[in-house]
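When a residue number appears, it is its place in the shown sequence, counting from 1. As the structure is a prediction and not an experimental result, all values here were calculated from the model.
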Amino acid sequence: MKQSFAYKSVLTLYRIFAIIVLYAVLLGIFAYAFVMGFYAINRTWAAPVILTASDEKSLDFIQKLVTSRQLVEDLHVDVTRQESSLAEMNKHRAALIALDPELQSAIDRERSHDRLTGPQLQALDTEKQADNVKTQAVLTQLQQVQAQINKDLAAGLITRTDATTQLAALNQTEDAYTDSKISEVLLTDSILDKTTTGTKSMDILDKQAELRSEIAQLDVAINVADKQLLEDNRQVDSLHAAISTAKQSPYYLLNSPGNKRLYFAFVSYDNQADAKVGAPIYDCYMNMVLCRKVGTVKQIFLGEEDIIHPIFKTQVRGFTIQMDLSHPNSAKSQTVFLGRKPLLF
């Protein structure tokens with residue numbers, strides 16, 4: 001009798017235990033299914049993330065930011081140098097361009113003068129040659145006079161002083177003839193310079209060609225400098241825009257001096273409707289019930305981030321928000337909710 005009672009008691013306890021275990025398993029399955037279903041349809045959850053200035057992404061961000069700022073400084077120095085060089089080249093080019101017409105005017109004026117005086121000099125040269133021929137004839141006669149003077153001196157008809165005076169006058173005539181021949185040769189040289197293109201004219205034309213070549217080279221250099229300056233300014237603008245964009249990153253806030261502890265959360269693209277600046281943030285027990293307000297959304301960052309889903313453990317794409325928390329411990333929660341309580345309690 002006692003054995004039968006003990007047997008029945010054990011069997012009853014076993015059945016009760018089995019029922020309890022079965023309901024516990026069923027409850028666990030339903031709870032798991034409920035949690036899965038809840039996070040599958042809920043569009044207000046966000047996952048707090050811990051970001052620090054020593055994170056790999058933060059260090060990489062700061063390195064790139066410092067590099068960008070240094071590049072901007074280098075470009076500013078280069079732009080200043082190029083602007084100064086460009087101004088000097090433009091000034092030099094303006095001076096050369098102003099000199100070119102003056103040089104051309106001088107060449108034209110000299111050519112016009114040569115065309116006018118060349119024929120006149122040729123006529124004078126013809127007259128000079130005729131005069132020299134006449135002078136040559138006179139000198140031939142003077143040689144006879146010189147011989148007569150020597151005879152008269154030898155015969156005692158004139159004094160030595162008179163003879164010396166007359167011979168000196170003859171020598172002066174011969175010197176004048178020699179000077180006249182020299183002048184005729186020089187006149188021939190002048191005619192050659194004015195009626196043909198000589199080396200002096202070629203030197204002037206060569207200087208004019210050099211002047212115009214230098215102007216052309218300056219035009220090329222100025223064009224290249226203008227394009228380089230435009231490209232440098234474009235790069236500066238692009239870098240400034242990139243730095244401005246970088247300042248909208250949470251990593252910039254982390255590395256800003258004077259900032260106290262900051263709190264961030266990840267929001268998936270599916271949940272972005274409730275991610276608004278000033279929206280309340282709720283932290284819940286068991287990630288969904290007995291929720292309380294713990295802060296507000298302070299800032300939204302547009303850069304894309306990706307994390308592992310806190311419940312489904314799958315890759316999720318989204319963005320980061322900054323939280324202003326009155327309860328800092330909520331930054332360690334698995335999830336928080338934006339805008340409203342998920343289950344109204």
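Donor-acceptor pairing under 3.5 Å is recorded for the side chains of Thr44 and Asn42.
Scanning for salt bridge (charged side-chain N to carboxylate O under 4.0 Å, His left out) contacts around Glu231 gives Arg234, with sequence neighbours left out. Applying the salt bridge (charged side-chain N to carboxylate O under 4.0 Å, His left out) criterion to Asp324, with sequence neighbours excluded, gives no partner residue. Under the side-chain contact (heavy atoms from CB on, under 4.5 Å) criterion, Lys64 pairs with Asp60, not counting sequence neighbours. Checked against side chain to side chain donor-acceptor pair (under 3.5 Å), Asp219 has the following partners two or more places apart in sequence or in another chain: Arg93. Partners of Asp274 under the salt bridge (charged side-chain N to carboxylate O under 4.0 Å, His left out) rule, at least two apart in sequence or in another chain, are Arg340. With sequence neighbours left out, Lys276 forms a salt bridge (charged side-chain N to carboxylate O under 4.0 Å, His left out) with no residue at all. In this view, Tyr39 and Thr335 satisfy the side chain to side chain donor-acceptor pair (under 3.5 Å) rule, not counting sequence neighbours.
Linking ILVMFWY side-chain heavy atoms closer than 4.5 Å, directly or via other members, places Ile243 and Val66 in a single hydrophobic cluster. Cluster membership for Ile62 and Val72, using ILVMFWY side-chain heavy atoms within less than 4.5 angstrom, is shared.
Results of the side-chain contact (heavy atoms from CB on, under 4.5 Å) test with Asn90 over Asp226, Ile222, Leu218 single out Ile222 as the only residue that passes.
Ring geometry for Tyr269 against Phe319 counts as tilted: the plane angle lies between 30° and 60°, on a 0 to 90° scale. In this pair, Phe61 and Tyr252 present their aromatic rings perpendicular. The plane angle is above 60°, beyond the 30 to 60° band.
Of all heavy-atom pairs between Ala265 and Ala46, the closest is CB-CB, 4.3 Å. Residues Tyr263 and Pro328 come closest through the heavy atom pair OH-CB, 3.2 Å. Here the shortest heavy-atom pairing between Tyr285 and Leu290 reads CD1-O, 3.2 Å. Shown here for Val289 and Cys284, the closest heavy-atom pair between the two residues is O-CB, 3.4 Å. Residues Pro342 and Met288 come closest through the heavy atom pair CG-O, 3.6 Å. When all heavy atoms of Ile50 and Ala331 are compared, the closest pair comes out as CD1-O, 3.8 Å.
Listed by first and then second residue, the salt bridge (charged side-chain N to carboxylate O under 4.0 Å, His left out) pairs that reach into residues 32-54 come to none, sequence neighbours excluded. Within the structure, salt bridge (charged side-chain N to carboxylate O under 4.0 Å, His left out) pairs that include any residue of residues 287-305 comprise Lys57-Glu305, Glu304-Arg317 (at least two apart or interchain). Sorted by first then second residue, the salt bridge (charged side-chain N to carboxylate O under 4.0 Å, His left out) pairs that include residues 77-89, not counting sequence neighbours, are Asp78-Arg81.
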Can you give the donor-acceptor pairs under 3.5 Å from side chains of residues 307-316 to other protein atoms, not counting sequence neighbours?
from   : atom 1 : to     : atom 2 : distance (Å)
His309 : ND1    : Ile311 : N      : 3.0
His309 : ND1    : Phe312 : N      : 3.0
Lys313 : NZ     : Pro310 : O      : 3.2
Gln315 : NE2    : Asp306 : OD1    : 2.5

Tabulate below the donor-acceptor pairs under 3.5 Å that side-chain atoms of residues 16-26 make, not counting sequence neighbours, or state none.
none

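Without hydrogens or angle criteria, Gln299 side chain to Gln322 main chain gives no donor-acceptor distance under 3.5 Å. Judged by distance alone, with hydrogens and angles left aside, the side-chain atoms of Thr67 form a donor-acceptor pair with the main-chain N or O of Gln63 at under 3.5 Å.
Remark: Lys227 NZ to Gln82 CD distance equals 13.5 Å, nearest 0.5 Å.
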